[in-house]
Participant: 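This is the structure I want to talk about, given as structure tokens.
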Amino acid sequence: MDMNYLFKPVRYRSLGGAIVIADGLSGRCTGCGATTYSGNHNTWAQNHADKCRALPRR
């Protein structure tokens, strides 16, 4: 069984326009810098994208 699908990043756009990324190892926001290494990263990224108002970093 190919387990690589677990590590393909999923991206969400936050309310402020920043990208929130979830992969098999962590969840992180490119706008505010929030990061998690525990729990369900995909759920965390979805919830964070719904709440975060950070603008994209350049």
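Atoms considered below: every heavy atom in the structure, side chains included; atoms not considered: hydrogens, waters and symmetry mates. Throughout, numbering of the chain's residues begins at 1 and tracks the sequence.
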Participant: Mind checking who shares a hydrophobic cluster with Ile21, ILVMFWY linked at side-chain heavy-atom distances under 4.5 Å?
Facilitator: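 Reading the cluster by chain and number, Ile21 sits alongside Ile19.
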Participant: Using the side-chain hydrogen bond (donor to acceptor under 3.5 Å, both in side chains) criterion, which residues pair with Asn40? Sequence neighbours excluded.
Facilitator: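 For Asn40, the residues satisfying side-chain hydrogen bond (donor to acceptor under 3.5 Å, both in side chains) (neighbours in sequence not counted) are Thr43.
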Participant: Shortest non-hydrogen contact from Gly16 to Leu55?
Facilitator: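 Looking at all heavy atoms of both residues, the shortest contact is O-CD2, 3.5 Å.
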Participant: Linking Ile, Leu, Val, Met, Phe, Trp and Tyr by side-chain heavy atoms under 4.5 Å, what else ends up with Leu15?
Facilitator: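 Direct or chained contacts put Leu15 with none.
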Participant: Taking salt bridge (charged side-chain N to carboxylate O under 4.0 Å, His left out) as the cut-off, I'd like each qualifying pair that reaches into residues 30-52, sequence neighbours left out, listed once.
Facilitator: none
Participant: Between atom CG of Asn47 and atom CG of Asn42, what is the distance when rounded to the nearest 0.5 Å?
Facilitator: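 The CG atom of Asn47 sits 9.5 Å away from the CG atom of Asn42.
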Participant: Output yes when a side-chain donor or acceptor of Thr35 lies under 3.5 Å from a complementary backbone atom of Gly33, and no otherwise.
Facilitator: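 Yes: the side chain of Thr35 pairs with the backbone of Gly33.
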Participant: Could you name each residue pair satisfying ring-ring contact (aromatic ring centres under 6.0 Å, His included) that touches residues 10-46, not counting sequence neighbours?
Facilitator: Trp44-His48
Participant: Any pair with a residue in residues 24-45 that passes salt bridge (charged side-chain N to carboxylate O under 4.0 Å, His left out), sequence neighbours left out, goes on the list, sorted by first then second residue, please.
Facilitator: Asp23-Arg28
Participant: Measure across Cys52 and Cys32 and return the closest heavy-atom pair with its distance rounded to 0.1 Å.
Facilitator: SG-SG, 3.9 Å
